[in-house]
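Here's the structure, in structure tokens; my notes come after.
Letters A, B, ... mirror the listed sequences (proteins, then strands); counts begin at 1.
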Protein chains: 2
Amino acid sequence: MNENSIERLSKYKSSLQKLKTLGFLKVFSDNLADALGIQSAQVRKDFSLFGISGKKRGGYNVEDLLTSINTILGKDRIENVIIVGCGNIGIALMNYRGFVREKIKIIAGFDIDPSRMAKVEKIPIYTMEKLKDFIHAESVKIAIIAVPDIAAQRVADLLISYGIKGILNFAPIKLKSQGEVVINNVDLIQEIEKVIYYANAMDDDNGKES
Amino acid sequence: MNENSIERLSKYKSSLQKLKTLGFLKVFSDNLADALGIQSAQVRKDFSLFGISGKKRGGYNVEDLLTSINTILGKDRIENVIIVGCGNIGIALMNYRGFVREKIKIIAGFDIDPSRMAKVEKIPIYTMEKLKDFIHAESVKIAIIAVPDIAAQRVADLLISYGIKGILNFAPIKLKSQGEVVINNVDLIQEIEKVIYYANAMDDDNGKES
DNA sequence: TAGATTTTGTGATTTCATTCACAAAAAGGA
DNA sequence: TCCTTTTTGTGAATGAAATCACAAAATCTA
């Protein structure tokens, strides 16, 4: 149950969805391995880790596999999510079409700035005072943090105290997860710095194999 | 020079910037290790890998360390970046304040939709026809892709053919890097799915240690 | 100056994910 | 029915990254 296998599960799902629309009924570990650029044994190990089994010589049934993966990823039903911080990133995520397809529903936004108490694409935006009651009333378990770094830890602590179990953090600061709460930090600066580093590194030894 | 050490370098930088504003002059591998939740030997190994050395018993000079890391990450000068795709994510990134602090400058946006040929925060947005000339004229090396998944591979191929060396891709599809080009894929769906999975997993065995 | 203490730098060790490799099962063909 | 082929499932081997552990250097103390 390591982090990488969860990540791959997500990628298998995306490949499988494409195969399904193409009318594929079964798939072999080899096919998925090629799609992700890994070894077929890795695919089978991942599946066996999560108790998914196929048929010897028959591969895996695409439909069943998708169902199993969705169940494991908790995507067998719609997941309600809130966003704290309705600046650029927050609003972009509210408008992001990709979530809908994946049964992820942004049900509300929260911000301290009263000028942002509008609606984005039918998603209501509330003041921070409403946060606690909303989380309880709607039993929200997952939140996205898109506030400036200076406010991020405070918001995280608040969310956790209100019962949030999983946080996706876009503030450029590593929030530590306390207790039974997962925090996944996505640092955009860091991601582009990686690109800049490797692009420069490749330019330096241009043409040479490592 | 593995991927993880580059990522950590970026994190050291962010910690060091905070220490600097707090007036710290020197720092020990132990301090940075604590900040990132790793072992001090790891910190020293990373630095030694990049030819950074400290003083025995004196630790590392904060200012010098920052300079070294910035040089390694190619952040000793302003990096010009373009964004292809001016939908929600693209526009959010254009407005994102964090980049400015890190000497990352978004100098233009590109989109097929003519209604988006406006300006965002002084950043001009052009049609795709201008892409080739702009990249050549400004010697742009880094691009961000924020188009729908269906268009992503085509845009990537285009960018590469125009001489782009590094791509940060936000389309929910894994673009394969060909030749001397780095592609870093950030899949937002995948990131939130990870959170949902772990939040559910923790809820299931609530309270139990693994 | 001598001895104690702190911290770096790195070889040795450990840990852990990935790949290899093959037995066992399933399906098809003659 | 029996032989051949295909593909799974998993124990063993590999490889790489993180951690351990300690000698060497630097600074401090008296």
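Counted within 6.0 Å of NZ on A:Lys11, heavy atoms from surrounding residues, nucleotides or ligands total more than 12; the atom is thus considered enclosed. Atom NZ of A:Lys132 has 12 or fewer neighbouring heavy atoms from other residues, nucleotides or ligands inside a 6.0 Å radius.
Residues from residues 31-44 of chain A lying near DNA chain C, meaning a heavy-atom separation below 4.0 Å, are A:Gln39, A:Ala41, A:Gln42, A:Arg44 in numerical order.
Inspection of the A:Ser48 and A:Arg44 side chains reveals no N or O donor paired with an N or O acceptor under 3.5 Å.
Summary of the strand contacts: A:Val27 and A:Arg57 both lie near DNA chain D, and taking for each the nucleotide with the nearest heavy atom, the more 5' one is attributed to A:Arg57.
The nearest whole Å value for the distance from the CD atom in A:Glu3 to the C1' atom in C:dT18 is 16 Å. Atom NZ in A:Lys26 sits about 11 Å away from atom C1' in C:dA26, given to the nearest Å. In this structure, the NZ atom of A:Lys56 is 17 Å from the P atom of C:dG28, given to the nearest Å.
Formation of a donor-acceptor pair under 3.5 Å by the B:Asn169 side chain with backbone atoms of B:Ile173 is found in this model.
Minimum atom distance to the side chain of A:Lys45 is reached by C:dT19, of the listed C:dT19, C:dT6, C:dT18.
Nearest heavy atom pair, residue B:Gly109 against residue B:Ile123, reads N-CG2, 4.2 Å.
Once rounded to the nearest 0.5 Å, the distance linking CD1 of A:Ile189 with NZ of B:Lys75 reads 7.0 Å.
A salt bridge links A:Glu63 with A:Lys20: the closest approach of a Lys/Arg side-chain nitrogen to an acidic carboxylate oxygen falls below 4.0 angstrom.
Within 4.0 Å (heavy atoms only), A:Phe47 reaches no atom of the nucleic acid at all. Using a 4.0 Å heavy-atom cutoff across all strands shown, B:Asn4 reaches sugar-phosphate atoms only and no base atom.
You can see that DNA chain D meets the heavy atoms of chain A within a 4.0 Å-exclusive cut from D:dT5 to D:dA12, reading 5' to 3'.
Among residues two or more places apart in sequence or in another chain, the ring pair (Phe, Tyr, Trp, His ring centres under 6.0 Å) test is passed with B:Phe99 by B:Tyr96.
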